[in-house]
Amino acid sequence: MLSWTPFPFIGAYVYDTGCVAQHWKRLHAGDAEPMPGDDAVLQAWAHFHNGFFQSAFESGLDLGPAGVTVANKACCVYANYLEPSEKSRLDLFLETAERARMQATIEPLNPAAWYWQAYALGRYSQGISVAKALAEGLGQRIRAALEETLRLQPLHADAHVALGAFHAEVIDKVGPLIGRMTYGARKDVGLAMYRKALVLNPDSAMARLEYARGLVMLEGNPDSPEATRLYEQAAAIEPMDAKERLDRDLAQAELGD
């Protein structure tokens, strides 16, 4: 396996298993992931929070079923933020989606299995173009997986964000009428999903960033004052770990643009 591009701020976050356990609720406010009782799984999560995404991925896979979720999250975060090759990014998303699909067949009551399947397919869809992905039927798979995530875990803030993005992306690409009739996409539902995510995870830069992007798509106004306010808030949040640092820095970059 080729070495992944390293997180550029290695050393900024130094979590051990004890620190991860102590701060678990805050670190996982977005995914509502239950804290594992196995120290080896906690160590894989420590690698993730410190920005050692490849180590988190590989150690997660080595742990078998107990480590699949941390492996999937590490792979998706790495692919989304740090992988320079577009082909490699898309391959990583497809591999994660398949791994999560298999996880869901074995653990159908595990919300993470459904969420990471949806997330990976969603990012893959953006890479090949949302319109093409919709034509291939990926939109329905993504929506169904996100709705199953929320059925199993209503407190999953990141799934609310992703479902809000689904409604926004579909409406942006095919229009409100076709979006509603064909895919069930509605502006009011999308906005409600973003708002719910912020209630569940008020410290999330990612939720604000995605909400801002969604507002621009749904309102058609790149200078939306509300979107700008959300970008500013996201850019000012103090990150707790490597993934949040990537979210915050991306918000700052998009605000600067």
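The minimum heavy-atom distance linking Leu42 with Val20 is given by the pair CD2-CG1, 3.9 Å. Closest approach of Ala207 to Val161, counting heavy atoms only: CB-CG2, 3.8 Å. Annotation for Ala120 and Ala97: closest pair CB-N, 3.7 Å, computed over non-hydrogen atoms. Ala168 approaches Leu218 most closely through the heavy-atom pair CA-CD2, 3.8 Å. Taking all atoms of both residues into account, the shortest heavy-atom contact from Ala197 to Ala157 is CB-O, 3.5 Å. Across Thr96 and Cys75, no two heavy atoms sit closer than the pair OG1-SG, 3.4 Å.
For the pair Gln103/Asn72, a side-chain contact is recorded, criterion being any heavy-atom separation below 4.5 Å from C-beta on. Leu255 has its side chain within reach of Glu232: a pair of non-hydrogen atoms, C-beta onward, lies under 4.5 Å apart. Between Trp45 and Thr17, every side-chain heavy-atom pair lies at or beyond the 4.5 Å cut-off. A heavy-atom distance below 4.5 Å is not found between the side chains of Arg208 and Asp247. Put simply, the side chain of Met217 does not reach to within 4.5 Å of the side chain of Ile171, judged on heavy atoms. Taking the side chain as every heavy atom from C-beta outward, Lys187 and Glu219 approach each other to under 4.5 Å. Contact of the Pro36 side chain with the Trp24 side chain is registered, since non-hydrogen atoms from C-beta on lie closer than 4.5 Å. Contact of the Asp241 side chain with the Phe48 side chain is registered, since non-hydrogen atoms from C-beta on lie closer than 4.5 Å.
Ion pairing of Glu169 with Lys173 is present here, as a side-chain N (NZ or NE/NH1/NH2) and a carboxylate O approach within less than 4.0 Å. Ion pairing between a basic and an acidic side chain is recognised when a charged N comes within 4.0 Å of a carboxylate O; Arg141 and Glu136 show no such pairing. Salt-bridge check for Arg245 with Asp249: passed, with a basic side-chain N closer than 4.0 Å to an acidic carboxylate O. Ion pairing between Arg151 and Glu147 fails under the 4.0 Å rule for side-chain N and carboxylate O.
For the residue pair Glu210/Tyr194, the side-chain donor-acceptor check at 3.5 Å is not satisfied. A donor-acceptor pair shorter than 3.5 Å can be found between the side chains of Gln126 and Arg123. Between Gln117 and Arg101, the side chains place no donor N or O within less than 3.5 Å of an acceptor N or O (distance only, hydrogens not considered).
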>> Pair Glu83, Tyr78 - check side-chain hydrogen bond (donor to acceptor under 3.5 Å, both in side chains), show working.
In response: CA-CA 6 Å; Glu83 173 53 52; Tyr78 170 75; 2.7 Å; yes

>> salt bridge (charged side-chain N to carboxylate O under 4.0 Å, His left out) for Arg143 and Glu148? Distances and angles first, verdict last.
In response: CA-CA 9 Å; Arg143 178 176 180 173; Glu148 183 64 8; over 6 Å; no

>> Does Leu250 form a side chain to side chain contact (heavy atoms under 4.5 Å, CB included) with Tyr81? I'd like the steps, not just the answer.
In response: CA-CA 9 Å; Leu250 182 57; Tyr81 293 95; 4.0 Å; yes

>> For Leu209 and Tyr231: C-alpha separation, side-chain torsions, deciding distance, then whether side chain to side chain contact (heavy atoms under 4.5 Å, CB included) applies.
In response: CA-CA 6 Å; Leu209 175 61; Tyr231 271 120; 3.2 Å; yes

>> What verdict does the salt bridge (charged side-chain N to carboxylate O under 4.0 Å, His left out) test give for Glu86 and Arg89, after you've listed the backbone C-alpha separation in whole Å, the side-chain angles of each residue and the deciding distance to 0.1 Å?
In response: CA-CA 5 Å; Glu86 181 65 12; Arg89 288 180 73 248; 3.0 Å; yes

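Ring centroid separation for the pair His28 and His23 does not come in under the 6.0 Å cut-off. Separation of the Phe7 and Phe9 ring centroids falls under the 6.0 Å cut-off. In this structure, His156 has its ring center under 6.0 Å from that of Tyr115.
The line from OG of Ser55 to CD of Gln43 is 9.5 Å long, rounded to the nearest 0.5 Å. Expressed to the nearest 0.5 Å, how far CD1 of Ile237 lies from CZ of Arg248 amounts to 10.0 Å. Once rounded to the nearest 0.5 Å, the distance linking OH of Tyr211 with OG of Ser204 reads 13.5 Å.
The backbone N or O of Tyr15 lies less than 3.5 Å from a partner atom in the side chain of Asn50, making a donor-acceptor pair. Formation of a donor-acceptor pair under 3.5 Å by the Glu95 side chain with backbone atoms of Leu90 is not found in this model. Checked by atom type and distance alone, the side chain of Thr105 pairs as donor or acceptor with a backbone atom of Met102 at under 3.5 Å.
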